[in-house]
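A short worksheet on the structure shown next.
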Amino acid sequence: MIKSIVFPSLKNALITLLLVGILFFNSVNSAWAKRPPEIRNQQDLNLEPDMHGQDLSGNEYVKFDLNGFNFSESNLEGAVFNNSKLQNSKFNGANLRDALAYATDFTDADLSDVNFTNALLMESNFEGAKIDGADFTDAVLSRTQQKQLCAIANGINSSTGESIEYSLGC
């Protein structure tokens, strides 16, 4: 013999289920909205056009428009600048050791005396950049980038003592 379940009031059960569903989805709606990886933890960066001399090591600037920003003499060790725009930015004397700047636009940026030791710089654009005294020791560059940078390489890095021509393997 098969027994069937009968609700005292099917209408009341459906209304209760509907109310519980509305409350549940309204309370978790914001938790389900996931931020894309390129902007996670970037609200805490407190960006200003003048970031001169600050400790910004390990910060991530992914897909940021930082044109004209001043990062000169800042510690950017291990920082990430993937797909960022850094045209006309100032980095002179900055520490970008172990930085990751894949497909980053350094057009007309001042990169003089920057320490790029062990940096990953593939697909980045250095057109018109000032690189006097920069140290590219063990930096990862394409052969095309290396040739372009060797054509304008000049000077010795003040913090590492390394010749830019030697560090680029010119």
Side-chain angles (χ1 to χ4, degrees), residues 30-31 33-170:
S30 63
K34 199 171 188 183
R35 289 180 287 171
E38 63 267 11
I39 63 170
R40 282 187 205 134
N41 302 323
Q42 293 187 0
Q43 289 78 14
D44 303 330
L45 292 178
N46 299 321
L47 288 174
E48 299 172 6
D50 187 8
M51 305 292 280
H52 174 269
Q54 294 187 31
D55 183 5
L56 306 168
S57 55
N59 284 354
E60 295 182 15
Y61 308 95
V62 179
K63 295 184 180 178
F64 271 42
D65 184 351
L66 301 169
N67 292 329
F69 272 58
N70 182 4
F71 291 100
S72 59
E73 299 178 4
S74 292
N75 181 15
L76 291 155
E77 188 169 352
V80 177
F81 288 99
N82 282 357
N83 293 299
S84 291
K85 295 178 183 175
L86 296 162
Q87 298 169 339
N88 298 302
S89 294
K90 296 176 185 171
F91 285 89
N92 51 307
N95 178 17
L96 280 126
R97 181 180 184 90
D98 299 319
L100 177 61
Y102 180 81
T104 296
D105 189 0
F106 289 107
T107 301
D108 297 321
D110 183 355
L111 304 172
S112 56
D113 213 32
V114 169
N115 182 0
F116 278 119
T117 302
N118 297 322
L120 176 68
L121 305 169
M122 293 292 290
E123 303 298 324
S124 291
N125 181 8
F126 294 95
E127 188 175 325
K130 181 180 178 184
I131 61 166
D132 296 339
D135 185 350
F136 289 90
T137 301
D138 297 325
V140 180
L141 297 160
S142 71
R143 185 77 173 137
T144 304
Q145 287 172 304
Q146 179 193 20
K147 285 181 180 181
Q148 290 170 342
L149 292 173
C150 281
I152 60 172
N154 184 28
I156 295 175
N157 187 280
S158 66
S159 63
T160 65
E162 194 69 62
S163 160
I164 184 172
E165 292 91 351
Y166 183 80
S167 72
L168 281 169
C170 298

Checklist line | Closest non-hydrogen atom pair between L168 and Q146, with its separation | finding: O-NE2, 2.5 Å
Checklist line | Any donor-acceptor N/O pair, S167 side chain to F136 backbone, under 3.5 Å | finding: yes
Margin query: Using 0.5 Å steps for rounding, measure from the CG atom of D110 to the CG atom of N92.
Written below: 4.5 Å
Next item on the list: Report the distance from atom OG of S112 to atom CG of N154, rounding to the nearest 0.5 Å.
Entry: 11.0 Å
Notebook entry, point to check: Any disulfide bond (SG atoms under 2.5 Å apart) pairs touching residues 125-170, not counting sequence neighbours?
Noted result: C150-C170
Next item on the list: Would you check if I131 and L111 make a side-chain contact, meaning some heavy-atom pair closer than 4.5 Å?
Entry: yes
Note to self: On a heavy-atom basis, which atom in S124 and which in A103 lie closest, and how many Å separate them?
What the structure shows: OG-N, 3.6 Å
Notebook entry, point to check: Can you find a pair of side-chain heavy atoms, one from F91 and one from L96, that are under 4.5 Å apart?
Noted result: yes
Note to self: Is there a side-chain contact (heavy atoms from CB on, under 4.5 Å) between L56 and Y61? Walk through the geometry before answering.
What the structure shows: CA-CA 11 Å; L56 306 168; Y61 308 95; 3.7 Å; yes
Item checked: Shortest non-hydrogen contact from E123 toward Q145 -> N-NE2, 3.6 Å
Notebook entry, point to check: Shortest non-hydrogen contact from K63 to S84?
Noted result: N-OG, 3.6 Å
Check: Roughly how far, to the nearest 0.5 Å, is the CD atom of E127 from the CD1 atom of I152?
Finding: 10.0 Å
Next item on the list: Check the angle between the aromatic planes of F69 and F71 and answer parallel, tilted or perpendicular using the 30° and 60° thresholds.
Entry: parallel
Note to self: Side chains of N75 and N95 only: does a donor on one sit below 3.5 Å from an acceptor on the other?
What the structure shows: yes
Check: So which heavy atom on S89 is nearest to which on L66, and how close?
Finding: OG-O, 2.8 Å
Next item on the list: Indicate whether any N or O donor in one side chain lies under 3.5 Å from an N or O acceptor in the other, for D105 and Q87.
Entry: yes
Margin query: Would T137 and Y166 count as a side-chain contact (heavy atoms from CB on, under 4.5 Å) here? Give the steps.
Written below: CA-CA 8 Å; T137 301; Y166 183 80; 5.9 Å; no
Margin query: Between V114 and D135, is there a side-chain heavy-atom distance shorter than 4.5 Å?
Written below: no
Note to self: Closer than 3.5 angstrom, by distance alone: can the side chain of S74 be matched with the main-chain N or O of Q54 as a donor-acceptor pair?
What the structure shows: yes
Check: Shortest non-hydrogen contact from D113 to I156?
Finding: OD1-O, 4.0 Å
Checklist line | Flag for N115-T160: side-chain donor and acceptor within less than 3.5 Å | finding: no
Checklist line | Rounded distance [0.5 Å steps], NZ in K90 versus OG in S72 | finding: 7.0 Å
Item checked: Derivation of the side-chain contact (heavy atoms from CB on, under 4.5 Å) call for F126 and L121 -> CA-CA 10 Å; F126 294 95; L121 305 169; 4.1 Å; yes
Notebook entry, point to check: Are N125 and F106 close enough that some pair of their side-chain heavy atoms sits under 4.5 Å apart?
Noted result: no
Checklist line | Any T104 side-chain heavy atom under 4.5 Å of L86 side chain | finding: yes
Check: Going by heavy atoms in the side chains, are F81 and V62 under 4.5 Å from each other?
Finding: no
Margin query: So L100 and N82, do their side chains get closer than 4.5 Å, heavy atoms only?
Written below: yes
Item checked: From CA spacing to verdict: side-chain contact (heavy atoms from CB on, under 4.5 Å), L141, L149 -> CA-CA 10 Å; L141 297 160; L149 292 173; 4.0 Å; yes
Note to self: With a 4.5 Å cut-off on side-chain heavy atoms, are N88 and N67 touching?
What the structure shows: no
